[in-house]
Amino acid sequence: MTRSLYYDQIILFGFGFDPELLGFGASLSNIYQRRVDVFNRGFSGFNTDWSLPITSQILPTVEQQKKDESSVLLMTIFFGANDAALPFSPQHVPLERYKSNLKTMIDLVKDPQSDHYNPRLRLVLITPPPVNEVDWKKRCEEEGIKLNRTNESARMYSEAVNAVGKEKGVVVIDIWSHLMEKVNKENYGLSDFLSDGLHLTKQGYKVSQSKCMYPPYSITK
């Protein structure tokens, strides 16, 4: 009888990951094929308030980990683009609560008292990307609403992710800073990385992928 194959997993958890399977998730699946299964758990439009209850649903419990023949090696946490919406938006999450939500997600994995404690699982926080306000304003006007996101707000929430990562000892991929550096120092515009002013293009996901392939972010140290 042929033995079933059980691959370890990477979980991509966060803001609208790769809904058309053209970017981050598909690329990682291709790179790690026959070694690791990549599970895309992107939730379009969600913020950390709405996603917090889902976190425990996608993580195996300590008891499940003992029974499973495979394990989760790495999980990315990619939230903030919606949390950073301006206060009048229903997606807005105040900055301090956003930080608290991220810490709660991290503690589900790193706290030995958690039902989902997993010392093998490596966490990677990803900051929200920049906002191209010109393009996003057009999108908002098409929907009959006023501009509900700014790049300054995205910067503040990106800094919050870095602060949480430093406090909790979790590595951070700073997409906001990396893309802004490319715009400021290389021959790129934000439209090269953001399809509508907010969501990453294929090129934007490629930047994320390149950061995930090497320590301290990759599944191999």
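- Paired with Asn101 under the rule side-chain contact (heavy atoms from CB on, under 4.5 Å), one option of Ile77, Thr48, Val164, Ile106 passes, and it is Thr48.
- Here ring-ring contact (aromatic ring centres under 6.0 Å, His included) pairs that include residues 106-132, with residues two or more places apart or in two chains, number zero.
- Asp135 places none of its side-chain heavy atoms less than 4.5 Å from the side chain of Asp196.
- Of the charged side-chain nitrogens involved, none lies within less than 4.0 Å of a carboxylate oxygen, so that Glu141 and Lys138 do not count as a salt-bridged pair.
- Residues Leu200 and Ser195 have side chains not in contact (no heavy-atom distance under 4.5 Å, counting atoms from C-beta outward).
- With Ser51 contributing its side chain and Asn47 its backbone, the two residues share a donor-acceptor pair below 3.5 Å.
- Of the inter-residue distances, the one linking Arg139 atom CZ with Ile145 atom CD1 reads 9.0 Å to the nearest 0.5 angstrom.
- A distance-only check finds a donor-acceptor pair linking the side chain of Asn151 to the backbone of Val131 [under 3.5 Å].
- A 4.5 Å side-chain heavy-atom check between Ile58 and Ile11 finds at least one atom pair inside the cut-off.
- Thr55 contributes a side-chain N or O that, together with a main-chain N or O of Leu52, makes up a donor-acceptor pair within less than 3.5 Å.
- Formation of a donor-acceptor pair under 3.5 Å by the Gln91 side chain with backbone atoms of Phe46 is not found in this model.
- Minimum heavy-atom separation, Asn148 to Cys140: OD1-SG, 3.7 Å.
- Residues Leu121 and Leu59 have side chains in contact (heavy-atom distance under 4.5 Å, counting atoms from C-beta outward).
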For this session: Check the pair Gln65 / Asn118 against side chain to side chain contact (heavy atoms under 4.5 Å, CB included), numbers first and verdict last.
Result: CA-CA 8 Å; Gln65 292 171 46; Asn118 188 345; 3.3 Å; yes
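- Listed by first then second residue, pairs satisfying ring-ring contact (aromatic ring centres under 6.0 Å, His included) with a partner in residues 134-169 read Tyr98-Tyr157, not counting sequence neighbours.
- When atom types are taken as modelled, the side chain of Arg149 and the backbone of Leu198 share no donor-acceptor pair closer than 3.5 angstrom.
- Proximity of a side-chain donor or acceptor of Thr104 to a complementary backbone N or O of Ser100 within less than 3.5 Å is detected.
- When side chains are defined from C-beta on, Pro60 counts as touching Val72, because their heavy atoms get closer than 4.5 Å.
- Here Lys166 pairs with nothing under the salt bridge (Lys or Arg N to Asp or Glu O under 4.0 Å) rule; sequence neighbours left out.
- Residues forming a side-chain hydrogen bond (donor to acceptor under 3.5 Å, both in side chains) with Lys103 (at least two apart in sequence, or on another chain): Glu167.
- Using cut-offs of 30° and 60° for the angle between ring planes, the Phe193 and Tyr188 rings count as tilted.
- Side-chain atoms of Asp192 come within 3.5 Å of backbone N or O of Gly189 as a donor-acceptor pair.
- Using modelled atom types, one finds a donor on one side chain and an acceptor on the other under 3.5 Å when comparing Ser177 with Asp174.
- Side chain of Thr127 to backbone of Ser158: no donor-acceptor contact under 3.5 angstrom is found.
- Listed by chain and residue number, nothing satisfies the side-chain hydrogen bond (donor to acceptor under 3.5 Å, both in side chains) test with Glu186 (two or more places apart in sequence, or in another chain).
- Rounding to the nearest 0.5 Å places CZ of Arg97 at 7.5 Å from NE2 of His92.
- Distance check, rounded to the nearest 0.5 Å: CG of Leu179 to CG of Asn132 gives 11.5 Å.
- For residues 74-85, no residue pair satisfies the salt bridge (charged side-chain N to carboxylate O under 4.0 Å, His left out) rule, not counting sequence neighbours.
- Looking only at atom types and distance, the side chain of Asn82 has no donor-acceptor partner in the side chain of Trp50 under 3.5 Å away.
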